2 protein chains.
Amino acid sequence: MKKRQLGPCITFFPQPMTLISSVSAAGDKDLMAASWVSVVSKTPPTLSVSLQHQRQTYANILATGTFTVNVMPVHLVEQADYCGLVSGRQADKATIAGLHLLPAKHGGAPLLADAPLNVECRLSGEMAIGEYRLLLGEILEIHVAAAAFGADDSIDAAAIDPLVYLGGLRQYWSLGRKVAPAYQAGRRLLPQ
Amino acid sequence: MKKRQLGPCITFFPQPMTLISSVSAAGDKDLMAASWVSVVSKTPPTLSVSLQHQRQTYANILATGTFTVNVMPVHLVEQADYCGLVSGRQADKATIAGLHLLPAKHGGAPLLADAPLNVECRLSGEMAIGEYRLLLGEILEIHVAAAAFGADDSIDAAAIDPLVYLGGLRQYWSLGRKVAPAYQAGRRLLPQ
């Protein structure tokens with residue numbers, strides 16, 4: 001396959017489009033757009049978020065030790081993108097975007113009621129990378145829209161309808177079709 | 001929105017389905033399936049990979065200081081999934097899956113020729129999380145399938161056709177439609 005080289009730059013591959021909700025020590029709530037989010041451990045269940053250290057959200061997370069990752073659906077693309085355009089120091093983003101924050105089960109950072117999937121986290125680690133900070137969040141609770149559950153209690157990802165972010169291309173996409181189940185699709189290649 | 005609680009567990013949201021290629025000090029090459037991959041910094045361009053410390057790939061990366069992240073397309077879903085079912089200690093996964101490794105531009109870990117997007121990395125940091133290791137890779141070079149470039153030199157993500165992995169659901173999906181451009185879709189909500 002013939003290829004072209006792009007040089008050293010940030011790449012693109014499917015990542016989640018999320019809003020991180022947080023609260024300051026004084027009780028001021030904020031939302032920050034974040035796609036540099038990944039699961040990093042199963043035991044304990046942990047995810048990572050990388051963000052610039054100048055962000056209000058970073059100060060809030062250090063102050064309270066909590067944050068919530070809210071996975072944004074396709075129909076809220078404008079609201080999600082808006083939260084990446086302005087700072088929480090300049091505007092009450094939730095109010096302007098018509099989004100709603102609720103108390104979390106474990107306290108601290110609120111939940112975004114409008115997101116079909118919320119992941120409550122407790123700050124459990126940190127690493128500096130230039131002007132960025134990679135934060136680890138131990139997952140305390142996951143909230144999923146009840147409408148996404150089928151009769152057999154399975155979750156239908158199409159009902160969640162998460163935005164897929166391709167960072168290097170600066171594009172939001174939707175999910176397409178279910179291609180295959182993981183840990184099964186490759187069994188045909190196992191020795192018989 | 002009514003929600004159900006899943007308790008503390010690994011969540012699901014769009015992540016890339018990749019194969020990490022690496023090489024041991026003795027020259028033995030390996031491929032490992034990895035979806036816990038994320039961009040973490042723009043300057044320097046850096047990504048993270050989280051993997052279990054017992055993995056052959058982890059030993060290889062420590063030994064050589066290099067690895068390559070190969071983004072897998074929909075048509076190679078069986079081959080990609082297979083590489084997550086067996087250890088490189090048990091089988092020559094590339095040969096069995098009919099995949100092809102090539103020398104990388106910067107040496108060390110090879111490139112997967114069959115993947116439409118390869119990201120050559122130099123190990124630049126590490127953090128332990130229980131039995132997992134979060135590795136940082138400074139991005140040295142990105143290779144993109146020439147066929148994915150349009151007449152205006154833009155990259156068509158549909159031509160890359162990356163698998164989207166929803167970990168907590170153990171499902172591979174395809175991309176759907178382009179929903180909106182990032183850093184533009186939310187401008188309607190800015191003050192006039």
Side-chain angles (χ1 to χ4, degrees), chain A residues 1-6 8-11 13-14 16 36 38-43 45-46 50 71 74 77-78 81-82 85 96-97 119 127 129-130 132 134 139-146 155 157 162 164 166-167 169-182 185-186 188-189, chain B residues 1-6 8-11 13-14 16 36 38-43 45-46 50 71 74 77-78 81-82 85 96-97 119 127 129-130 132 134 139-146 155 157 162 164 166-167 169-182 185-186 188-189:
Chain A
M1 189 189 309
K2 197 178 163 208
K3 287 181 181 160
R4 287 200 208 175
Q5 283 66 46
L6 301 185
C9 59
I10 61 168
T11 183
F13 40 52
W36 294 356
S38 178
V39 179
V40 296
S41 161
K42 190 177 287 183
T43 49
T46 305
S50 186
V71 175
V74 166
V77 65
E78 287 187 358
D81 190 64
Y82 164 75
L85 293 173
I96 291 172
V119 186
M127 181 161 46
I129 309 166
Y132 297 88
L134 183 75
I139 297 173
L140 301 180
E141 183 60 273
I142 298 180
H143 307 262
V144 182
I155 295 173
V164 182
L166 302 179
L169 301 184
R170 292 190 161 214
Q171 293 171 356
Y172 303 112
W173 285 66
S174 66
L175 284 180
R177 64 186 175 87
K178 195 191 301 182
V179 172
R188 189 182 60 80
L189 292 164
Chain B
M1 188 189 311
K2 198 179 164 206
K3 288 181 179 158
R4 286 200 208 175
Q5 283 67 45
L6 301 184
C9 59
I10 61 167
T11 183
F13 40 53
W36 294 355
S38 178
V39 179
V40 296
S41 160
K42 191 177 285 184
T43 48
T46 304
S50 186
V71 175
V74 166
V77 64
E78 287 186 0
D81 190 64
Y82 164 76
L85 293 173
I96 291 173
V119 186
M127 181 161 49
I129 309 168
Y132 297 87
L134 183 74
I139 297 173
L140 302 179
E141 184 60 274
I142 299 180
H143 308 261
V144 182
I155 296 174
V164 182
L166 301 179
L169 302 184
R170 292 190 161 213
Q171 293 171 357
Y172 303 114
W173 287 65
S174 65
L175 282 182
R177 65 185 173 87
K178 194 191 303 182
V179 172
R188 189 181 61 80
L189 292 165

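Convention: sequence-line order gives letters A, B, ...; per-chain numbering from 1. As the structure is a computational prediction, the values presented were derived from the model and not from experiment.
- Annotation: maximal heavy-atom pairing with chain A below 4.5 Å, among B:Ser50, B:Ala97, B:Pro181, B:Ala180, occurs at B:Ala180.
- Among A:Leu166, A:Ile139, A:Val144, the residue making the largest number of heavy-atom pairs under 4.5 Å with chain B is A:Val144.
- The candidate with the highest count of non-hydrogen atom pairs below 4.5 Å against chain A, out of B:Ala157, B:Pro14, B:Ala146, is B:Pro14.
- Between B:Ile96 atom CD1 and A:Leu189 atom CG the span is 8.5 Å, to the nearest 0.5 Å.
- Here A:Ala182 is the residue among A:Cys9, A:Gly130, A:Ala182 with the most heavy-atom pairs under 4.5 Å with chain B.
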task: For A:Met127 and B:Val40, run side-chain contact (heavy atoms from CB on, under 4.5 Å): C-alpha distance rounded to whole Å, both residues' side-chain angles, the deciding distance at 0.1 Å, then the answer.
output: CA-CA 11 Å; A:Met127 181 161 46; B:Val40 296; over 6 Å; no

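- Closest of all the heavy-atom pairs between B:Ile10 and A:Ser41 is CG2-O, 3.6 Å.
- The shortest non-hydrogen separation linking B:Ala145 to A:Met1 is CB-SD, 3.6 Å.
- Comparing B:Arg170, B:Glu78, B:Arg4 by heavy-atom pairs within less than 4.5 Å of chain A, the highest count is held by B:Arg4.
- Looking at B:Val71, only its side chain comes within 4.5 Å of chain A, counting heavy atoms on both sides.
- Note that CZ of B:Arg188 and OH of A:Tyr82 are 11.5 Å apart. Values are rounded to the nearest 0.5 Å.
- With a 4.5 angstrom heavy-atom cutoff, A:Leu169 touches chain B only via side-chain atoms.
- With a threshold of 4.5 angstrom between heavy atoms, B:Tyr132 approaches chain A through side-chain atoms but not through N, CA, C or O.
- Among B:Lys42, B:Lys3, B:Gln171, the residue making the largest number of heavy-atom pairs under 4.5 Å with chain A is B:Lys3.
- The candidate with the highest count of non-hydrogen atom pairs below 4.5 Å against chain B, out of A:Thr43, A:Thr46, A:Leu140, is A:Leu140.
- Options B:Lys178, B:His143, B:Gln5 differ in how many heavy-atom pairs under 4.5 Å they form with chain A, and the most are formed by B:Lys178.
- In this structure, chain A has heavy atoms under 4.5 Å from both the backbone and the side chain of B:Val39.
- Interface residue B:Leu85: only side-chain heavy atoms are found under 4.5 Å from chain A.
- Your options are B:Ala185, B:Pro162, B:Ser174, and the one with the most heavy-atom pairs under 4.5 Å with chain A is B:Ser174.
- Note on A:Ile155, A:Val74, A:Val77: by heavy-atom pairs under 4.5 Å with chain B, the leading option is A:Ile155.
- Only the side chain of A:Val119 comes within less than 4.5 Å of a heavy atom of chain B; its backbone N, CA, C and O stay farther away.
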